[in-house]
Amino acid sequence: MKLEQVGFNRYRLPRQGKMRVSGLVYASPALLEHVRGDNSLQQLAHAAQLPGVVEPVLGMPDIHEGFGLPIGGVMTVSEEGVISAGAVGMDINCGVRLLRTELSADSFDRPLLRKLMTEVEALVPTGVGKKGLHRGITARIFEEVVYQGAAAVVKAGFGCPEDIERIEENGCLPGADLAEVSREAIKRGSEQLGTLGGGNHFIELQRVDKVFDPEVAERFGLFEGQLTVMIHTGSRGFGHQICTDYSKGHIPAAARYGIELPSKGLACAPIDSAEGRSYYAAMACAVNYAFANRQIITADIRQAFVQVLGLRLENIGLQVVYDVAHNIAKWEEHGGRRLLVHRKGATRALPPGHPANPPVYRGTGHPALVPGSMGTASYVLVGTDLAAESFFSVNHGAGRTLSRSAAERSITKEEFEASMGEILYNTRNFRDVVDEAPQAYKDIEEVVDTLVDIGLTHKIARLVPLAVIKGKD
């Protein structure tokens with residue numbers, strides 16, 4: 001696939017073959033070799049072939065090969081177009097939440113950090129297939145969760161109403177219908193609320209290393225030297241099963257509607273068909289589940305801090321800065337049109353004044369949270385007016401350069417430990433987490449600066465890891 005440079009850090013993927021629209025990839029020269037090193041461009045070209053797709057399909061700076069749409073891909077379609085489970089992703093509403101404390105990170109030595117990690121792990125089950133510790137409550141309110149999202153678990157005692165106004169979509173995507181979800185998905189979901197999962201999911205204790213915009217940072221409640229907590233997880237087996245079910249079911253559905261699929265990973269159905277409406281309703285269930293999952297984990301982290309520090313919660317803080325979704329399809333207004341934006345491994349970033357911002361961040365633009373790898377910095381950004389060209393979408397992280405198996409084969413213990421430095425992590429065996437080593441990811445600074453340098457995003461703060469809890473597979 002040939003790219004044409006059309007501006008600073010911008011490359012067009014021209015229309016060819018059966019593509020209906022062109023693609024646009026955001027990359028610095030240093031990132032281009034990674035873009036060309038896998039099948040992500042071919043996957044963008046495949047997305048550009050689907051009915052109703054709107055110009056252009058997008059590749060973010062962290063783009064890499066995925067299932068169907070590449071991770072770091074954005075596909076926008078008109079009301080007459082299609083919806084695709086593979087363009088949303090397996091982990092529906094995988095997302096990131098940032099909590100801020102009133103505490104200085106310098107007051108936390110390694111033994112205290114380790115004690116906090118241990119207490120958090122005791123309250124938040126980590127790893128693939130783990131069941132939640134609140135099943136007596138969460139099973140009872142499961143149906144409320146899929147319809148009401150984070151508000152349902154706040155009502156059940158996990159957090160406070162003020163948390164809701166700092167969550168994308170106020171923690172609830174309308175349109176959910178549990179009748180469109182399989183029994184297997186419901187069974188998996190009812191047991192896993194309040195769990196972290198495995199893979200790239202994490203809970204990270206961080207220090208605000210640098211503030212770039214003091215005025216906006218103050219509005220977000222951030223200051224240099226502050227201790228923060230970042231949570232990265234999604235809809236667990238519930239969302240995974242929904243994606244699996246509909247990815248299979250939309251293959252014959254596409255044939256019934258005369259849609260020629262460029263790949264099985266982009267199986268789809270017309271948005272306004274019975275199959276398309278069913279997937280959206282099921283996806284919304286998983287979106288709301290994931291918001292609720294991160295809300296329960298937030299409540300458990302607050303409890304861990306109170307128990308370890310012996311302080312009142314109001315003295316600790318742990319208030320929500322923001323919670324953003326990464327894998328989602330949402331109806332939005334762009335250029336005066338109602339469009340369905342599929343973001344897979346991409347983050348919405350609205351500029352100051354945009355009416356879709358939550359009221360608390362109307363004047364600043366909402367925080368866009370971009371985590372790095374477990375050994376590198378994360379960023380708090382805001383979108384600018386120029387981000388209209390990307391449907392107000394930015395990258396969601398650093399983006400992989402090595403597959404999990406390649407990382408396990410090629411990264412030595414010495415290399416892993418050198419890359420982690422003084423950062424604590426929750427395993428004695430490096431092989432439990434080596435597939436998430438910093439060496440397996442792109443340079444987060446390069447990835448973030450790619451959009452900052454062309455004015456689509458604005459840096460607010462950089463956060464560096466002190467201790468990382470990963471779900472061991």
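Bear in mind the structure is a predicted one, so any value in this text is a computation, not a measurement.
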Between the main-chain N or O of [Y] and the side-chain N or O of [X], is there a donor-acceptor pair closer than 3.5 Å?
X      : Y      : answer
Thr118 : Leu116 : no
Asn288 : Ala284 : yes
Glu436 : Val433 : no
Ser84  : Ala267 : yes
His366 : Leu350 : yes
Glu204 : Gln206 : no
Asn426 : Met117 : no
Gln226 : Leu103 : no
Gln192 : Gly189 : no
Lys442 : Pro61  : yes

Do the side chains of [Y] and [X] get nearer than 4.5 Å, heavy atoms only?
X      : Y      : answer
Glu168 : Tyr322 : yes
Ile203 : Leu196 : yes
His64  : Pro70  : no
Asp453 : Asn9   : yes
Leu31  : Val447 : yes
Ser410 : Leu402 : yes
Asn327 : Cys94  : yes
Leu58  : Phe391 : yes

query = Is the ring centre of Tyr280 less than 6.0 Å from the ring centre of Tyr246?
reply = no

Please tell me whether [X] and [Y] have a donor and an acceptor in their side chains that are separated by less than 3.5 angstrom.
X      : Y      : value
Ser104 : Ser107 : no
Glu65  : Ser40  : no
Arg15  : Ser22  : no
Thr427 : Asn429 : no
Glu445 : Tyr379 : yes
Asn93  : Arg294 : yes
Arg97  : Thr298 : yes
Asp62  : His396 : yes

Out of [options], which one pairs with [X] under the side chain to side chain contact (heavy atoms under 4.5 Å, CB included) rule?
X      : options                    : value
Gln295 : Asp300, Leu193, Ile167     : Ile167
Tyr11  : Leu24, Leu32, Val35, Leu41 : Leu32
Leu381 : Val448, Ile460, Asp213     : Val448

task = Apply side chain to side chain contact (heavy atoms under 4.5 Å, CB included) to Arg100 and Leu318, showing your working.
result = CA-CA 5 Å; Arg100 60 181 177 86; Leu318 286 172; over 6 Å; no

Other residues, nucleotides, ligands: >12 heavy atoms within 6.0 Å of Glu333 CD = yes

inquiry  = Is it the case that atom CZ in Arg362 sees more than 12 heavy atoms from other parts of the structure closer than 6.0 Å?
reply    = yes

Non-hydrogen atoms of Leu44 and Val57 that approach each other most closely = O-CG2, 3.7 Å

request  = Assess whether salt bridge (charged side-chain N to carboxylate O under 4.0 Å, His left out) is satisfied between Arg207 and Glu224, documenting all intermediate values.
outcome  = CA-CA 8 Å; Arg207 183 182 76 249; Glu224 287 189 5; over 6 Å; no

request  = Could you walk me through whether Asp449 and Ser28 pass side chain to side chain contact (heavy atoms under 4.5 Å, CB included), step by step?
outcome  = CA-CA 9 Å; Asp449 286 343; Ser28 68; over 6 Å; no

request  = Start with the C-alpha gap between Thr347 and Asn395, add the side-chain angles, then the distance that decides, and say whether side chain to side chain contact (heavy atoms under 4.5 Å, CB included) holds.
outcome  = CA-CA 6 Å; Thr347 300; Asn395 53 291; over 6 Å; no

Does [X] come within less than 4.0 Å of [Y], counting only side-chain N to carboxylate O?
X      : Y      : value
Glu55  : Arg20  : no
Glu408 : Arg431 : no
Arg10  : Glu4   : no
Glu169 : Lys330 : yes
Arg409 : Asp435 : no

request  = Take Arg114 and Asp109, measure what salt bridge (charged side-chain N to carboxylate O under 4.0 Å, His left out) needs, and give me the verdict at the end.
outcome  = CA-CA 9 Å; Arg114 180 65 74 184; Asp109 58 17; over 6 Å; no

task = Kindly write out the residues that satisfy side chain to side chain donor-acceptor pair (under 3.5 Å) with Glu119, not counting sequence neighbours, or none if the list is empty.
result = none

request  = Mind checking side chain to side chain contact (heavy atoms under 4.5 Å, CB included) for Phe67 and listing every partner two or more places apart, or none if nothing turns up?
outcome  = Met90, Ser247, Lys344

message = Here's one to test your reading of the geometry: is the NZ or CZ of Lys459 within 45 degrees of the ring axis of Phe212 and under 6.0 Å from its centre?
response = yes

task = Working to the nearest 0.5 Å, report the span between CD1 of Ile92 and OH of Tyr279.
result = 4.5 Å

Tyr361 vs Phe220, ring pair (Phe, Tyr, Trp, His ring centres under 6.0 Å): CA-CA, chis, key distance, verdict = CA-CA 8 Å; Tyr361 293 133; Phe220 292 172; 5.0 Å; yes

task = Begin from the C-alpha positions of Arg343 and Ser393 and carry the test side chain to side chain donor-acceptor pair (under 3.5 Å) through to its verdict.
result = CA-CA 8 Å; Arg343 293 188 180 94; Ser393 306; 2.8 Å; yes

request  = Before giving the answer on side chain to side chain contact (heavy atoms under 4.5 Å, CB included), spell out for Val96 and His326 the whole-Å C-alpha distance, their side-chain angles and the decisive distance to 0.1 Å.
outcome  = CA-CA 8 Å; Val96 171; His326 289 161; 3.4 Å; yes

task = Quick one: list whatever passes ring-ring contact (aromatic ring centres under 6.0 Å, His included) with Tyr441, sequence neighbours left out.
result = none

ask   = Testing His201, Lys130, Arg236 for side-chain hydrogen bond (donor to acceptor under 3.5 Å, both in side chains) with Thr195, which one passes?
value = Arg236

ask   = Going by the angle between their ring planes, with limits at 30° and 60°, are Phe416 and Phe430 parallel, tilted or perpendicular?
value = tilted

